[in-house]
Amino acid sequence: MPTIKAIIKGVQGALPDYVLTNQELETMVDTNDEWITTRTGIKERRILKEEGKAASDLAAEAVEKLLEKTGTSKEEVEMLIVASVTGDHTFPDTANITCDKVGLSNAFGFDLLAACSGFLFALTTGAQYIESGRLKKVVVVGVDIMSSILDYTDRATCIIFGDGCGAVLLEGSTENGLIDSVLKGDGSGRNFLRREAGGSFKPISQEVIDDRSHYVYQEGRTVFKHAVKGMSTAIQEVLDRNNLTADDIAWVVPHQANIRIIQSVASQLNFPMEKVMVNIEKYGNTTAGTLPLCLWDYEKQLKKGDKIVLTAFGGGFTWGATLLEWAYDS
Ligand code: UT7
């Protein structure tokens with residue numbers, strides 16, 4: 001029996017229509033376009049404003065279009081994983097809601113929470129089901145509606161995040177697909193980037209509303225340093241383990257949190273920026289959405305056989321790098 005590899009068969013994004021520009025943020029907090037652009041690389045981000053809409057709506061849109069694009073019937077999908085920190089509810093999970101909205105009657109689903117590394121962790125998890133031969137078609141979604149948990153009076157945090165979603169279809173193949181993943185965690189970093197309240201540790205109360213602990217808190221500089229180190233070392237480890245160098249890699253797909261983090265990682269590993277996917281200027285940091293949104297934006301430039309490294313760092317701390325070979329020409 002030949003070894004089964006998991007390949008990405010297609011990628012699709014879904015974004016809210018509303019564009020929140022740096023100029024509009026200037027009217028909300030004490031900031032300016034020049035600071036945001038030079039310190040983060042972000043010019044605008046998308047915000048889900050429609051009442052009654054949530055993460056599952058973006059996920060459902062992305063999944064429906066993904067299935068159409070790849071010629072996949074709804075009945076064929078056997079599992080759907082949603083990576084998110086801003087699912088529709090604490091429970092039930094957003095994956096099940098998405099399956100229902102799309103009509104994936106043969107699929108089971110579950111949510112996976114690993115903050116900005118969520119898509120990477122979910123991709124690796126989905127691939128295991130394919131590689132083991134257990135399942136044939138798996139959809140992996142990264143989606144976050146960060147605007148639902150942001151404090152729009154905290155200028156250091158609210159300016160970097162946005163809302164967005166991306167989804168990929170995984171299938172089995174005898175050709176190369178996902179090759180290897182280095183996934184890491186360090187829970188001692190939990191206080192530097194977190195949403196403290198809203199779970200069992202600190203349920204929502206009037207006190208929580210007053211002290212604003214139901215919003216995202218980030219100690220930016222500390223997270224910045226750990227992000228550069230975490231993504232650089234994870235990429236190096238996955239390259240070394242597979243006897244590859246930067247020259248063998250066609251594309252690096254980094255988590256989009258700050259252009260200066262991306263540039264530091266690229267320069268430490270000698271990747272020219274031409275090989276690095278960047279779309280942060282349009283969407284900001286969409287947490288679990290950044291990696292599939294990058295693949296979607298760059299899909300037409302990818303060629304079958306391209307070696308690609310995805311990398312992410314986020315709350316937890318969680319981080320990692322995944323090496324794969326692209327499976328198709330667009
Ligand atoms: O996605 C998950 C992981 N997250 C990340 O990887 C994000 C990592 N961190 C960052 O990207 C950056 O730390 C931020 C973009 C969040 C902040 O940038 P920074 O260069 O680290 O700024 P800082 O927090 O060190 O603040 C520098 C100065 C401060 O003023 P003083 O104390 O030097 O007078 C801030 O008050 O910039 C000020 N500042 C701002 N000024 C204008 C902070 N935010 C703003 C703002 N507009 N929006």
Side-chain angles (χ1 to χ4, degrees), residues 15-16 18-22 24-32 35-36 39-40 42 44-58 82-91 94 111-118 142-165 187-224 226-227 255-258 261 280 283-290 312-318:
L15 293 155
Y18 192 85
V19 178
L20 175 60
T21 61
N22 290 349
E24 188 177 350
L25 275 168
E26 286 177 11
T27 68
M28 298 159 67
V29 282
D30 181 15
T31 191
N32 55 79
W35 192 96
I36 302 173
R39 303 305 290 171
T40 72
I42 302 164
E44 58 190 42
R45 65 291 288 145
R46 300 299 184 93
I47 303 293
L48 186 63
K49 286 223 169 187
E50 293 156 83
E51 200 141 321
K53 296 283 180 194
S56 65
D57 294 293
L58 283 193
V82 169
S84 186
V85 296
T86 51
D88 295 19
H89 315 285
T90 305
F91 79 91
T94 302
D111 292 1
L112 186 152
L113 195 154
C116 298
S117 312
V143 58
D144 269 299
I145 311 299
M146 296 306 289
S147 62
S148 66
I149 54 168
L150 284 178
D151 183 351
Y152 282 100
T153 65
D154 175 3
R155 67 177 182 170
T157 304
C158 73
I159 51 105
I160 73 165
F161 290 102
D163 304 340
C165 174
S188 70
R190 62 187 175 277
N191 290 333
F192 298 113
L193 177 51
R194 68 172 194 266
R195 181 184 183 227
E196 188 186 17
S200 56
F201 174 69
K202 197 170 176 185
I204 297 294
S205 64
Q206 188 57 51
E207 188 199 331
V208 163
I209 306 290
D210 293 342
D211 71 18
R212 308 180 86 77
S213 56
H214 56 308
Y215 289 128
V216 175
Y217 167 82
Q218 176 173 254
E219 206 174 297
R221 281 186 213 187
T222 308
V223 178
F224 190 112
H226 283 273
H255 174 52
Q256 310 282 303
N258 188 318
I261 296 177
I280 192 171
Y283 312 137
N285 180 353
T286 56
T287 304
T290 64
F313 184 94
F317 292 136
T318 53

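Inter-residue side-chain proximity for Asp211 and Lys202 is flagged as met; some heavy-atom pair is nearer than 4.5 Å. Side-chain contact check for Trp35 versus Ile159: some heavy-atom pair is nearer than 4.5 Å. Using a 4.5 Å heavy-atom cutoff, the side chains of Tyr18 and Glu24 are in contact.
The minimum heavy-atom distance between Ile42 and Glu44, with the atom names listed, is CG2-O, 3.6 Å. Nearest heavy atoms, Ala83 versus Ala288: O-CB, 3.3 Å. Here the closest heavy-atom approach between residue Met28 and residue Tyr152 is recorded as CE-CD2, 3.6 Å. Heavy-atom minimum distance, Thr287 versus His255: O-CE1, 3.6 Å. Between Asp111 and Thr94, the shortest heavy-atom distance links the atoms OD2-N, 2.8 Å. The heavy-atom pair separating His214 from Arg195 by the smallest distance is O-NE, 2.7 Å.
Without hydrogens or angle criteria, Thr157 side chain to Asp154 main chain gives no donor-acceptor distance under 3.5 Å. Judged by distance alone, with hydrogens and angles left aside, the side-chain atoms of Arg155 form a donor-acceptor pair with the main-chain N or O of Asp30 at under 3.5 Å. Between the Asn285 side chain and the Ile160 main chain, no donor and acceptor come within less than 3.5 Å of each other.
Rounding to the nearest 0.5 Å places CZ of Arg46 at 10.5 Å from CG of Leu58. From Asn258, atom CG reaches atom OG1 of Thr40 across 6.0 Å, with rounding to the nearest 0.5 Å. In this structure, the separation between CG on Asn22 and CD1 on Ile36 is 4.0 Å, given to the nearest 0.5 Å. Residue Phe317 holds its CZ atom at 11.0 Å from CZ of Arg190, rounded to the nearest 0.5 Å. The CG atom of Leu150 sits 7.0 Å away from atom CD1 of Ile47, with the distance rounded to the nearest 0.5 Å. Between atom CD1 of residue Ile145 and atom OG of residue Ser56 there is a gap of 9.0 Å, rounded to the nearest 0.5 Å.
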(request) Apply the test side chain to side chain contact (heavy atoms under 4.5 Å, CB included) to residues Val143 and Thr86: give CA-CA distance (whole Å), side-chain angles for both, the deciding distance (0.1 Å), then the verdict. (result) CA-CA 8 Å; Val143 58; Thr86 51; over 6 Å; no
(message) Let's go through Asp163 and Lys53 carefully: what are the C-alpha distance in whole Å and the side-chain angles of both, what is the deciding distance for salt bridge (Lys or Arg N to Asp or Glu O under 4.0 Å) to 0.1 Å, and is it a yes or a no?
(response) CA-CA 12 Å; Asp163 304 340; Lys53 296 283 180 194; over 6 Å; no
(request) Start with the C-alpha distance between Asn191 and Tyr217, add both sets of side-chain angles, then the distance that settles side chain to side chain contact (heavy atoms under 4.5 Å, CB included), and finish with yes or no. (result) CA-CA 8 Å; Asn191 290 333; Tyr217 167 82; over 6 Å; no
(message) Test side chain to side chain contact (heavy atoms under 4.5 Å, CB included) on Thr153 and Tyr215; report intermediate values, then the result.
(response) CA-CA 10 Å; Thr153 65; Tyr215 289 128; over 6 Å; no
(request) For side chain to side chain contact (heavy atoms under 4.5 Å, CB included), just list the numbers for Arg45 and Phe161, CA-CA rounded to whole Å, side-chain angles, deciding distance to a tenth of an Å, and then say yes or no. (result) CA-CA 7 Å; Arg45 65 291 288 145; Phe161 290 102; over 6 Å; no
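Each of Asp151, Val29, Thr31, Leu20 was compared with Cys158 under the side chain to side chain contact (heavy atoms under 4.5 Å, CB included) criterion, and only Val29 meets it.
Evaluation of the side-chain hydrogen bond (donor to acceptor under 3.5 Å, both in side chains) rule for Thr318 yields Ser117 as partners, not counting sequence neighbours. Partners of Asp57 according to the salt bridge (Lys or Arg N to Asp or Glu O under 4.0 Å) rule, which considers only residues two or more places apart in sequence or in another chain, are Lys101.
Using modelled atom types, one finds a donor on one side chain and an acceptor on the other under 3.5 Å when comparing Asp144 with Ser84.
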